[in-house]
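Remarks on the structure that follows.
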Amino acid sequence: MGSPLSRRLNKPAEELRKPEVRPIEAPPPPAPAAEKPAEEPQGYIPPPKRRTTPRVAELRRQLRPKLLAAPSEADEWRRDNPEHQKIIVDRLNLFLQRANLQLPKPEYDELREALLDDILGWGAIDPLVRDRSYSEIMVNGPNVIFAERKGKLIETEYVFDDEEHADWVAQKIVRRLMRSFDREHPMADARLPDGSRVHLVRRPSALQGITMTIRKFPEKVLTVQDLIRFGSFTQDVADFLQACIVARLNIVVAGGTGSGKTTLLNVLSSFIPDDERIVTIEDAAELQLTQRHVVRLETAPPVPGAKDGTGQLTIRDLVKGSLRMRPDRIVIGECRGGEALDMLQAMNTGHDGSLTTVHANSPRDAIARLETLTLMAGMDLPIGVVRRQIASAIQLIVQQARLKDGSRKIIQITEIQGMEGDSITMQDLFVYKTPDHKGPGPSHTGGGTLQPTGYRTKFGERLEQAGFKLSGKIFGGGMVSGSKS
Ligand SMILES: Nc1ncnc2c1ncn2[C@@H]1O[C@H](COP(=O)(O)OP(=O)(O)OP(=O)(O)O)[C@@H](O)[C@H]1O
Ligand SMILES: [Mg+2]
């Protein structure tokens with residue numbers, strides 16, 4: 001950078017201590033903020049953006065690294081800690097003084113807050129990260145940032161100054177975890193210090209530039225009573241699910257992205273009795289079980305720089321390993337690869353009462369997905385064998401969905417009955433209905449309830465043996481298993 005401004009700022013931190021006399025140069029005049037005309041889908045009006053002036057953006061870009069003795073210096077510092085703020089602001093003032101730069105007060109204030117956000121917080125998205133009412137933040141390149149609040153996804157007024165600014169924050173996120181995010185590692189998974197889950201992708205794959213998806217760590221873990229209160233399901237359904245968990249049915253939670261699978265898995269796991277040994281296996285640990293006898297396992301990325309995957313542990317490795325840990329229950333955060341085969345085998349060989357989630361939009365879809373995932377294990381199993389494994393391993397599929405009004409609900413609870421010829425037979429026990437919805441499947445609009453279909457579970461005896469005598473009313477009055485009364 002050869003501008004007078006950059007020359008003045010381009011001094012290492014040590015030099016700041018040396019006295020120096022320099023002529024005062026007039027700072028370049030503030031240029032009007034040039035908003036690039038965005039290419040937006042027709043009819044959609046993006047909100048006005050909160051963009052820093054080009055001069056503040058330029059100062060911010062140059063000063064961010066200079067106010068730190070080392071890139072990691074402030075990684076453990078806090079945005080809301082007055083002492084940490086003071087260190088940064090003192091350094092900023094010294095820099096401006098040494099560079100003979102006098103900014104008008106509003107511009108100085110803007111620069112100071114911007115730098116505090118960059119160095120102590122998470123840059124442009126810091127307000128969104130700190131505001132607990134946002135549950136998810138999505139950065140689609142530096143200029144478009146969406147966020148979810150109370151189930152509604154909206155485009156926000158925040159923007160990063162440029163790609164380098166977004167990268168500054170991305171590097172800050174991965175550095176703490178000693179992970180890499182660069183051309184060699186263009187995709188990364190990470191976590192914020194508060195436990196929020198982060199997924200990062202960059203060019204060349206992310207065409208709009210750095211893409212971040214942040215799932216906020218819930219301040220309070222949602223409990224079964226919270227979900228009942230939100231109308232996600234009824235007390236009757238909760239009683240039924242609790243009975244199924246205690247009676248050690250193998251259960252799969254199915255749902256689309258962000259539909260609430262992990263939250264439901266956490267709630268279902270909370271029904272596991274305290275005296276059982278639980279092993280949880282996740283890509284990025286999100287489950288928060290309150291039982292004491294829990295072993296939490298998380299996948300490990302390869303050692304940075306290792307070309308042969310040294311140090312890597314996949315979900316599949318962990319599932320296989322967990323079987324030697326004498327688990328009473330295995331809870332797998334999500335089945336998305338060959339581990340499906342190991343899980344089914346475990347379920348079929350005495351590790352019943354296990355739980356997992358799959359990415360699927362209906363129970364039938366969940367079966368198809370499990371078939372595909374099992375075939376991915378590369379064992380060359382005939383499809384008939386795979387189906388039989390699934391039919392005997394899994395007893396219940398609970399379908400979770402994010403509805404059109406933004407609410408998240410269980411929309412279907414389906415039992416696997418067995419096999420008829422080559423196909424798996426299933427029976428819906430509960431289906432979510434809205435008053436105007438007539439079809440046999442669940443409705444996808446808000447304002448309905450999860451209603452019993454009238455079919456009673458075929459596992460009634462098993463539930464009874466586990467100490468649960470559920471009234472026929474829960475199933476809509478049905479008394480005979482597998483048939484309608
Ligand atoms: N029943 C519910 N009612 C209201 N909010 C919910 C409900 N279930 C989940 N949420 C919220 O929805 C968001 C997504 O939930 P969750 O992480 O469980 O989804 P997911 O399906 O596991 O997502 P992903 O596919 O990304 O793993 C979280 O912010 C969570 O707190
Ligand atoms: Mg999840």
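Order of appearance sets the numbers: ligands from 1, and atoms from 1 within every ligand. What's counted below: heavy atoms across the whole structure, side chains too, no hydrogens, waters or symmetry copies. In this text the structure is predicted, and so the values were computed from the model without any measurement. Numbering of residues begins at 1 and proceeds along the displayed sequence.
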Check: D167 main-chain N/O paired with K172 side-chain donor or acceptor under 3.5 Å:
no

Backbone of I145 reached by a side-chain donor or acceptor of T156 within 3.5 Å
yes

Heavy-atom nearest neighbour in the protein, as seen from atom 13 (C) of ligand 1, with distance rounded to 0.1 Å
R408 CZ, 3.7 Å

So if I count the atoms of ligand 1 from 1 in the order they appear, which ones are less than 4.0 Å from some heavy atom of L227?
1 (N), 2 (C)

CA sep, side-chain torsions, deciding dist, call: I245, R329, side-chain contact (heavy atoms from CB on, under 4.5 Å):
CA-CA 10 Å; I245 298 281; R329 310 270 190 159; 4.1 Å; yes

With no hydrogens and no angle check, is any side-chain donor or acceptor of Q389 less than 3.5 Å from a backbone partner on E371?
no

Would you check if the side chain of Y432 reaches a backbone N or O of T445 as a donor-acceptor pair within less than 3.5 Å?
yes

protein heavy-atom neighbour closest to atom 29 (O) of ligand 1 works out as S135 CB, 3.5 Å

Using a 3.5 Å distance criterion without hydrogens, assess whether the side chain of S196 forms a donor-acceptor pair with backbone atoms of L192.
no

Give a yes or no on whether a salt bridge exists between D75 and R175, defined as a side-chain N under 4.0 angstrom from a carboxylate O.
yes

Side chains of H165 and D162: any donor to acceptor distance under 3.5 Å?
no

Identity and separation of the nearest protein heavy atom to atom 17 (O) of ligand 1
R215 NH1, 2.6 Å

Taking only heavy atoms of S232 into account, list the atoms of ligand 1 that are under 4.0 Å away from them.
1 (N), 2 (C), 3 (N)

Centre-to-centre under 6.0 Å for F430 and F233, is that the case here?
no

Short N or O distance, T257 and ligand 1, threshold 3.5 Å exclusive
no

Quick one: does S259 get an N or O within less than 3.5 Å of an N or O on ligand 1?
yes

For atom 9 (C) of ligand 1, the closest protein heavy atom turns out to be T263 OG1, 3.2 Å

Is the number of heavy atoms from other residues, nucleotides or ligands within 6.0 Å of NZ (K469) greater than 12?
no

of all protein heavy atoms, closest to atom 19 (O) of ligand 1 is G260 N, 3.0 Å

Does ligand 1 have an atom that lies less than 4.0 angstrom from a heavy atom of S407?
no

Going by the closest heavy atom to atom 26 (O) of ligand 1, which one wins out of H359, R197, K261?
R197

shortest atom 4 (C) of ligand 1-to-protein heavy-atom contact is with F230 CD1, 3.6 Å

Can you tell me which residue and heavy atom of the protein come closest to atom 24 (P) of ligand 1, and the distance to 0.1 Å?
G258 N, 3.5 Å

Which residue supplies the protein heavy atom nearest to atom 22 (O) of ligand 1, what is that atom called, and how far is it?
T262 OG1, 2.7 Å

Does any N, O or S atom in T262 come within less than 2.8 Å of the Mg ion (ligand 2)?
yes

